[in-house]
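Working notes, structure below.
Predicted, not measured: the structure shown is a model, and the values here were computed from it. Lettering follows sequence order; numbering is per chain, from 1. Below, all heavy atoms of this structure are taken into account, side chains as well, without hydrogens, waters or symmetry copies.
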Number of protein chains: 2
Amino acid sequence: MNTQSVLDRLSALADKSRFTILQIMAKGAIGTCCDRIEAYENGCCVADVVAVTGLSQPTVSHHLKTLEKVGLVRKEVRGPWTCYFPNPEAIDELISTLRVELYPSENCNEGGCCP
Amino acid sequence: MNTQSVLDRLSALADKSRFTILQIMAKGAIGTCCDRIEAYENGCCVADVVAVTGLSQPTVSHHLKTLEKVGLVRKEVRGPWTCYFPNPEAIDELISTLRVELYPSENCNEGGCCP
DNA sequence: CATCGATATTGATGGAGGTCGATATGAATA
DNA sequence: TATTCATATCGACCTCCATCAATATCGATG
């Protein structure tokens, strides 16, 4: 992942509403009103998120679009509903990059062995 | 970590300037102007960050304060300089929490075994 | 095609925060 | 104590974005 993608993904996660959406998706804590999502899919439709969060429908659509744009969720139209599903690979990628970019490396040059 | 702490840490990371600061700290890429930081410490003083990023000194102080407030860096006054050091534990904590909170769990109730 | 439910888009608003110049604070030294 | 260097704080500006009401779009169904 390039730095900009990491920043975009972090920004997407740093919002309370969007973080909550991903949390309830991950927990499968939504009894979806859409009859085309199986429980094991961990998915939800827009109305589900509206019900759980209390946010307005436009706001929820906006957040889901943001999450999709950065790859944290996947979008799929099923009949009259637009269904959203978590994307675990995006979390993995982000975590890996954070480790590589931000984890302090032992500085091997303490003794001045390298130029 | 509670949710708010996670959000605070994510917000701190989601800014380009602050992410860059942590990156260069982690890489030990700063030849610090402060003579009281050893290379293996991965630390830097405010003026170092100003030189590398081109940001104003007040802005850099502000960002470092933000990073310290959320635990991502540690602050230490050494003589006339204020030195900052990365805190790897904070990265670990964040990553662990992200995994627990956002990684989709297999929904065990597909067969309806649980009420 | 007309209608209806579900979602997306538009436009407007308010608040949060990144940035800088000016200034204050603080530590070391003469 | 006076001075100097390094950093912190203050005040202001400006941009970005979360949010909502209103409206448009879209899929299904009659």
Please write out each protein N/O paired with an N/O of nucleotides 11-13 of chain D under 3.5 Å, distance rounded to 0.1 Å.
none

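Residue A/K69 contributes atom NZ, which lies 11 Å from atom P of D/dA18 at whole-angstrom precision. The separation between B/D48 atom CG and D/dT7 atom C1' is 13 Å, rounded to whole Å. For the pair A/K75 NZ and D/dC26 C1', the computed distance is 11 Å after rounding to whole Å. One interatomic measurement links the two molecules: CG of B/L55 to P of C/dG17, which rounds to 18 Å at whole-angstrom precision. The interatomic distance linking B/D15 (CG) with C/dG18 (P) rounds to 5 Å, in whole Å. Note: CG (B/D8) to P (C/dA16) measures 14 Å, nearest angstrom. Residue A/L64 contributes atom CG, which lies 12 Å from atom P of C/dT9 at whole-angstrom precision. Summarising the geometry, the separation between CG on A/L67 and P on D/dA18 is reported as 10 Å, rounded to the nearest angstrom.
Taking 3.5 Å as the limit, the base of D/dA6 and the side chain of B/Q57 contain no donor-acceptor pair of atoms between them.
Nearest to the side-chain atoms of A/C45 among the listed nucleotides C/dT7, D/dA8, D/dC20 stands C/dT7.
In summary, the side chains of A/T20 and A/S17 do not present any donor paired with an acceptor at a separation below 3.5 Å, with no hydrogens or angles considered. Under 3.5 Å, the side chains of A/E93 and A/T97 contain no donor-acceptor pair of N or O atoms.
Contacts of B/H63 with the nucleic acid, taken as non-hydrogen atoms under 4.0 Å apart, involve only primed sugar atoms and P, OP1 or OP2. Residue contacts shown for B/R18 are limited to sugar-phosphate atoms, with no base heavy atom under 4.0 Å away. A/T59 comes within contact range of at least one nucleobase, with a heavy-atom separation under 4.0 Å. Across all strands, B/P80 comes closer than 4.0 Å only to sugar-phosphate atoms, never to a base (heavy-atom distances). At a threshold of 4.0 angstrom between heavy atoms, the contacts of B/S11 with the nucleic acid are absent. Within 4.0 Å of A/T82, counting heavy atoms only, lie sugar-phosphate atoms of the nucleic acid but no base atom.
Salt bridge absent: B/R74 and B/E89 never bring a charged side-chain N and a carboxylate O closer than 4.0 Å.
Considering only side-chain N and O atoms, A/Y84 lies under 4.0 angstrom from the phosphate OP1 or OP2 of C/dA8.
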